[in-house]
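Data first, discussion second: the structure below is written as structure tokens.
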Amino acid sequence: MRPCTVALLPALAAAHSIARLSRAAIDACRGLDCWPEPEDAALACFHAIAALDDDDDDTTCPVPPQGEFAFAPDVAFDDRFAVAEPLARAGDGAAMQTVGLLRYYGVGGAPKDDRASARWHAAAAARGNCDGLAVLGGCVRRGVGADRLEDAGVSLVEAAAAAGSPVGLCKLGVLYTDGDSGLPRDATRAYDLFDRAAASGSALGLFNHGWALVHGVGAPRDVDRGLAQWAAAARLAPDDGAEEASFFLWAERGRMDREQRARYRPDACLRLAASLGFEHAVDELAAGT
């Protein structure tokens, strides 16, 4: 276990509400620039979480917008950046989170730019978006679009997961699946984290939970239930995770029986994944699969 995490464990365990973690992130970034650099925001939040008082748990404070921006049904997938970016610049924390995702993947009409992506996630975290905080943790943990601050990054992911952020739960679950960044490989714990994320209704959570079920990661293999989780994630398009779920529904077509093919329509899933900009799906369609 990483040495700095040992000291943080009591604070992380106490950060059990989105309201509390959100307020801590906002307060931590208040003294930074309006548009903080990812490294500055990550370190400020890291120290704020470490300093949380176990007795200070006022969950009555208002919770700012969490998660991703909710697009109107008539917004085309390729127009997402054009719609969300002005709202993000105006200070909408959910739009900031979405713009960060679009810039990372280079989809939805957004230019791909890892640094810009990390900055948008830092801005989202500074406005109390706990999913944004989790992604910011991932950015600095791996040094993608930001300086590498592995211990701080993992601790932000842990804090977001402890508060119930679906993205935090998924990111922490992946770390336990891989045994990465000083955490032990623990498939059972990973499955429990994915299960919690899926229960929140998150597309990313449903995708990861479905993956664990289809492949028997931390729980008995249950392909039927896993496919159903992927289908539920796909129905949440364009939320993050829907594109992967759609693609892997198509990728599993060879193992589907006739009834499953009729239910999940794998060819339509491939087209959905491609329309969302998922690179593997785009390549498969271009190859005439």
Side-chain angles (χ1 to χ4, degrees), residues 12-22 25 57 59 63-71 93-94 97-98 101 124-125 128-138 154 156-178 180 183-249 252 260 263-264 269 272 276:
L12 294 175
H16 61 267
S17 73
I18 289 290
R20 186 176 196 220
L21 185 60
S22 175
D57 190 21
T59 58
V63 179
Q66 298 294 309
E68 299 176 47
F69 180 75
F71 292 98
Q97 169 70 353
T98 291
L101 293 170
N129 188 321
C130 294
D131 281 355
L133 182 70
V135 180
L136 174 63
V154 177
L156 296 187
V157 170
E158 289 175 324
S165 154
V167 176
L169 290 165
C170 288
K171 286 190 174 295
L172 188 57
V174 170
L175 291 181
Y176 278 115
T177 299
D178 297 338
D180 203 357
L183 295 179
R185 183 170 292 178
D186 189 333
T188 300
R189 184 174 293 185
Y191 177 84
D192 288 343
L193 291 163
F194 296 147
D195 188 30
R196 287 178 56 196
S200 75
S202 155
L204 189 63
L206 289 162
F207 165 69
N208 281 283
H209 190 223
W211 180 271
L213 289 165
V214 168
H215 297 281
V217 177
R221 195 163 181 253
D222 189 339
V223 174
D224 287 343
R225 189 179 173 209
L227 295 178
Q229 292 291 74
W230 284 348
R235 288 194 292 271
L236 295 174
D239 286 3
D240 189 34
E243 73 290 345
E244 290 180 281
S246 302
F247 177 78
F248 284 104
L249 274 172
E252 288 290 322
Q260 288 173 325
R263 184 191 313 164
Y264 297 123
C269 290
L272 173 60
L276 290 167

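Numbers here are sequence positions counted from 1. These figures come from a predicted structure and were not determined experimentally.
Put simply, CZ on F248 and CD on E243 are 10.0 Å apart, with the number rounded to the nearest 0.5 Å. One distance of note links CD of Q229 with CG of L249; it measures 11.0 Å at 0.5 Å rounding. Taking CG of L193 as the reference point, atom CG of N208 lies at 10.5 Å (rounded to 0.5 Å).
Pairs passing the salt bridge (Lys or Arg N to Asp or Glu O under 4.0 Å) check and including a residue from residues 185-204, sequence neighbours excluded, read D186-R189. Among residue pairs with one or both ends in residues 220-242, none qualify as salt bridge (Lys or Arg N to Asp or Glu O under 4.0 Å); sequence neighbours excluded.
For the salt bridge (Lys or Arg N to Asp or Glu O under 4.0 Å) test, residues two or more places apart in sequence or in another chain that qualify with D180 are R141.
Listed here is the closest heavy atom pair of L21 and A163: CD2-CB, 3.8 Å. Looking at every heavy atom in both residues, N129 comes nearest to A94 through ND2-CA, 3.8 Å. Looking at every heavy atom in both residues, A161 comes nearest to L172 through CB-CD2, 3.7 Å. Counting all heavy atoms, side chain and backbone alike, A233 lies closest to F207 at CB-N, 4.1 Å. C170 and G205 get closest at one heavy-atom pair: SG-CA, 3.5 Å. Closest non-hydrogen pair, P166 versus S200, comes out as CG-OG, 3.4 Å.
Proximity of R263 to L227: side-chain heavy atoms (C-beta onward) are nowhere separated by under 4.5 Å. Q66 is not listed as a side-chain neighbour of S165, based on a closest heavy-atom distance of 4.5 Å or more. Side-chain contact between W211 and E244 is absent, with no heavy atoms from C-beta onward closer than 4.5 Å. Considering only heavy atoms from C-beta on, F247 stays 4.5 Å or farther from C269 through its side chain.
The one candidate from L213, V174, L169 that meets the side-chain contact (heavy atoms from CB on, under 4.5 Å) condition with F194 is V174.
Put simply, the side chain of S246 never gets that close to the backbone of L272: no donor and acceptor are under 3.5 Å apart. Formation of a donor-acceptor pair under 3.5 Å by the D131 side chain with backbone atoms of G168 is not found in this model.
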